Amino acid sequence: METRSRRSGYIPQEIEPRWQKVWAERGVMKADDASAKPKFYNLVMFPYPSGPLHMGHMRNYVIGDLLSRFKRMQGFEVLNPMGWDAFGLPAENDAIKRGGGVHPEVWTRGNIAIAKRQLGIMGVLYDWDREVTTCDPSYYRWTQELFLLFFERGLAHRMMSPVNWCPVDKTVLANEQVINGRCWRHPDVEVEKRDLEQWFLRITEYADRLLDDLSLLDHWPEKVRVMQANWIGRSHGVEVEFPIDGHPGESMRIYTTRPDTLFGVTFMVLAPEHPLVEKLTVGARRAAVREVVESSRKAREIDRMSSEVPRLGAFTGAYAINPLNGEKVAIWVGDYVLITYGTGAIMAVPGHDQRDFAFARQFGLPIREVIAPAGQAQGELEAAYTGPGSMINSGEFDGLDSKASFDRIAEFIEAKGIGKRSVKYRLRDWLISRQRYWGCPIPVIHCEVDGIVAVPHSELPVLLPREYKPLGDNPDFWRTKCPKCGRDARRETDTMDTFIDSSWYFLRYTSAHNNTQPFDSELANHWMAVDQYTGGIEHAILHLLYSRFFQKVLHDAGRADTTEPFARLFTQGMIRRGGLVMAKSKGNGVAPDDLVARDGADAARVYEMFIGPPDEDVEWSDSAIAGPVRFLQHVWRLVDAPGSFQVTGSDASADVLRRRVHQAIRKVTEDYEGFHFNTAVAALMELANALQAYLAGGGRRDDSDWDWALRSLILLLNPMAPHVGEELWSRLGGKGLAADAAWPQYDPASAAEPEVTLVIQVAGKVRDRATVPAGTTEGAALETAMRSEKVRAALAGRAPSKVVYVPDRLINLVP
RNA sequence: GUCGGCGUGGCGGAACGGCAGACGCGCCAGCCUUAGGAGCUGGUGCCCGAAAGGGCGUGGAGGUUCAAAUCCUCUCGCCGACACCA
């Protein structure tokens, strides 16, 4: 491929490898644990090495590298590590697909090598001494250690449960990995429900803290915090016992967040799986009820999740007694009630709950109004009224405000001993068992006598066998002895969800070679929390919630001071091409290798920053990279090619040049800090244009103003285009590496413009402009405005009745 | 359905309530050149006009304000998340 830059003298292919070598040799991005400088832990979500990286992935790493270089120049000791989320199904699937028997480890290691090389040619630097690879025994032995820590603290347990099963991956999935009833990896594959005994982590014990501490994360995107809060789904309600008519001692316990509607209950509904269904159903209703139970069991998860009517439902023949008003209400079984939430049973208030309303309509059940919006009953309802109002048809509670009555009624219920206040969560415990080979083995042993026994710490790691087949099919792996009694025992053959691996890797980076514990607490406390975490929004719930959970458990275990792992979070947008997200599977990826070969890494980096706001999705353009290419050539010629600009005779003022530089330093610094990289590029281009205008006006290249202006440009550009930065810095005789240079400082007074353009409006319309000294008074501005013929014409003889003056900006004359 | 985000030139996108369209791509004209997919100079929202100048313009309709892309209400369109959680 031909380069675009034959004539400019800027040949990226000649300088890039040279500087990459220098950075590596001098250990530019090595983090010093003992540095006296303020620390800055800059982290980009580590990748799953599934193959070559494309420019969609690269956006992330360029942002991270830019920040690391910027923060270093600002005087921080930067920790900027990288690693590989290397366990996972794609390694197995790919190995199977190719049929050639490629071992997942070989596949994974190969991909790591490719990605690592690609990061290198893009000029992206890391402290590779701290590299972690989650599939390496030197890492997963500590994942196992942490599992045992959870186990010993009662936070890891095994239980029988209806779980999500992906028939393609042949493994169970966490709730978080089921999207609309489908597997997160296979959007066209519906998950099945199976009853299996599985390992869970008790994340629900941390639900309150995970929710409440979101308020500490004021540098996280609001969107992510809202998503996590919704996922945790805490609700405050009341559990109430409804006695069963004709079954003394038996009662139906329901959960409601609307105790103010208790007088509006016209029927009750049990989930099909509820144990009372079998007990309560009367003979004549048995067939109909069984039909509902069977159909909903067989119904595909996806249908059951749909809120479309018709629903499955049947009357059981039994009645409950409303403990508040003594009314007998029919008990139904209905598939819209979930056994997994609350008590698996509800009181139905069709007047004020849309789901109950639909069910009542479908089966011709009564509807009663107990909340009136403006104190007035609405009569026949077309839909449930779910808003606030005052209570009616509610005995002694009539007239109470529906919202305010919550506590009144809750107290009443508690006083009568028929129920109690209760908090429920949508969040479920985290299912971590996976029936796969390529994952971290769960370090426990099943003994017929001693039950579940932890593998002794001294015997870790439980190594994955080399042979690629399910662990359950590998007796050499699972045949073992009980550590307690020494009898024959069976090793656990499930591996862990790979999200466990990534829930603590940021801690491992702080002492990546520690061989006595997962991480050194002192070093972790030094570097944590991560000051800046950058990654994709797709992890808003999964990875970010799990990592927060781990951090809190490790805090409770006395291993870490910090309770939140990531102080500041940035979620970058995705890059599309041809309207689709850039992805290997879509065949629309742009290889960094090709761009580097043609235009150089710096142009590719600048283009990725210039392409649009980093938090938004953007469309890749194959032609628009020409702008950044020209820009870098332009900068190059400012340093290197004295004769290449026409002199046009415009003014060359050193004052103007100095001002432009101070303005650019301010703008670029603020934009880097605020993640406005696209406008930072624009500011750098403007500065380059200002330097050129200075030359075009006959400005001299041998004075100190020029030299300082040029060096400032190079340093501001350096985090974004580091190879050009180093090369030109050294050609200008800069001391040391640009990467080690101090960030330019600006002086606000020197950045201020002495003259401003005053916009002159008449009745809010721009009629003229005038150049006036900064700080012009209102009186002088008005005088200037009235001298304008255009203004006088617009006023047409009328005198302004009102004058609005915004100093140094605008004057508006209102007739 | 609920919640959230976004609608600005041919294109990507700028714009503390105060000059709409910075910066760039593309395009047009000129210069330089053996050559141009290089470089340099200028132009480029739309309409009327030779020009000077004028009018109109940030999805649509209202509103607040001296002043609205920006704030408020309604509405249309696109995108995303959640989706029977009682």
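Worth saying up front: this structure is predicted, and the values here are computed from it rather than measured.
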Determine the Euclidean distance between corresponding [atom1] atoms of [M] and [N]; express it in Å to zero decimal places.
| N | M | atom1 | result |
| --- | --- | --- | --- |
| B:A68 | B:C3 | P | 30 Å |
| B:U2 | B:G55 | C1' | 45 Å |
| B:U65 | B:C72 | C1' | 12 Å |
| B:G21 | B:G45 | C1' | 7 Å |
| B:C56 | B:G37 | P | 44 Å |
| B:C71 | B:C6 | P | 9 Å |
| B:C40 | B:C23 | P | 15 Å |
| B:A35 | B:G30 | P | 15 Å |

Sugar-phosphate only, base, or nothing, as touched by [X] at under 4.0 Å among non-hydrogen atoms:
| X | answer |
| --- | --- |
| A:S235 | sugar-phosphate |
| A:E686 | sugar-phosphate |
| A:D356 | nothing |

Do [X] and [Y] have side-chain atoms, one donor and one acceptor, less than 3.5 Å apart?
| X | Y | answer |
| --- | --- | --- |
| A:S405 | A:D260 | no |
| A:Q663 | A:R660 | yes |
| A:S788 | A:D768 | yes |

Interatomic distance, [X] [atom1] vs [N] [atom2] [rounded to whole Å]:
| X | N | atom1 | atom2 | result |
| --- | --- | --- | --- | --- |
| A:D622 | B:C11 | CG | P | 18 Å |
| A:E619 | B:G13 | CD | P | 9 Å |
| A:R598 | B:G37 | CZ | P | 16 Å |
| A:Q663 | B:C23 | CD | C1' | 15 Å |
| A:I537 | B:C79 | CD1 | C1' | 13 Å |
| A:N812 | B:A68 | CG | P | 10 Å |
| A:L544 | B:A81 | CG | C1' | 15 Å |
| A:H236 | B:A86 | NE2 | P | 11 Å |

Handout entry: Pairing partner of B:C82 (Watson-Crick or G-U wobble, both distances under 3.5 Å)
Key =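 Its partner is B:G1.
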
Practice task
Quick one: look up who B:C16 pairs with, Watson-Crick or G-U, both distances under 3.5 Å, and put none if it's unpaired.
Solution key: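 Pairing partner, where one exists within any strand: none, as none qualifies.
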
Exercise for the section: Determine, using ring centers only, whether A:F675 and A:F677 are less than 6.0 Å apart. Expected result: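 Ring-ring flag for A:F677/A:F675: true, centres closer than 6.0 Å.
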
Handout entry: A:F267-A:F359 aromatic ring centre distance below 6.0 Å
Key =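 Yes, the ring of A:F267 comes within the 6.0 Å limit of the ring of A:F359, centre to centre.
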
Handout entry: Residue closer to the 5' end of RNA chain B, A:M685 versus A:K802 (nearest nucleotide)
Key =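 Looking at the nearest nucleotide for each, A:M685 comes out on the 5' side.
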
Handout entry: Closest-nucleotide 5' rank along RNA chain B - winner of A:W231 and A:T257
Key =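 The 5'-side residue here is A:W231.
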
Problem - Selection: residues 758-769 of chain A, any non-hydrogen atom under 4.0 Å of RNA chain B - result: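 Within residues 758-769 of chain A, the residues near RNA chain B are A:V759, A:Q761, A:K765, A:V766, A:R767, A:R769.
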
Practice task
Output the residues of residues 606-616 of chain A in contact with RNA chain B, where contact means a heavy atom of the residue under 4.0 Å from an atom of the strand; sort by number or write none.
Solution key: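 When residues 606-616 of chain A is checked for heavy atoms under 4.0 Å from RNA chain B, the hits, listed by number, are A:F610, A:I611, A:P613.
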
Given [options], the nucleotide with the shortest approach to the side chain of [X]:
| X | options | answer |
| --- | --- | --- |
| A:Q633 | B:A14, B:A86, B:A38 | B:A38 |
| A:L338 | B:A86, B:G53, B:C19 | B:A86 |
| A:T256 | B:A38, B:A86, B:C16 | B:A86 |
| A:R630 | B:C23, B:C19, B:G26 | B:G26 |

Is there a side-chain polar atom (N or O) of [X] under 4.0 Å from OP1 or OP2 of [N]?
| X | N | value |
| --- | --- | --- |
| A:R426 | B:A83 | yes |
| A:Q692 | B:U41 | yes |
| A:N689 | B:G24 | yes |
| A:N678 | B:G12 | no |
| A:R637 | B:A38 | no |

Least distance between heavy atoms, [X] atom then [Y] atom:
| X | Y | result |
| --- | --- | --- |
| A:L569 | A:P221 | O-CD, 3.4 Å |
| A:Q13 | A:G600 | NE2-N, 4.0 Å |
| A:S235 | A:Y341 | OG-OH, 3.2 Å |
| A:V668 | A:A680 | CG2-O, 4.1 Å |

Problem - Of A:I346, A:L276, A:V240, the residue whose pairing with A:M252 passes side-chain contact (heavy atoms from CB on, under 4.5 Å) - result: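 Among A:I346, A:L276, A:V240, the one that satisfies the side-chain contact (heavy atoms from CB on, under 4.5 Å) with A:M252 is A:L276.
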
Problem - A:R577 (side chain) donor-acceptor with A:W620 (main chain) under 3.5 angstrom - result: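 Checked: no pair found.
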
Exercise for the section: Would you state whether a donor and an acceptor, one from the side chain of A:R311 and one from the base of B:C84, lie under 3.5 Å apart? Expected result: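 By the distance-only test, yes, there is a pair.
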
Problem - Syn or anti conformation of B:G80, syn meaning chi within 90° of 0 - result: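 What B:G80 shows is an anti base, its glycosidic angle lying more than 90° from 0.
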
Practice task
Measure the acute angle between the ring planes of A:H352 and A:Y385, then classify it against the limits of 30° and 60° as parallel, tilted or perpendicular.
Solution key: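 Aromatic pair A:H352/A:Y385 classed perpendicular.
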
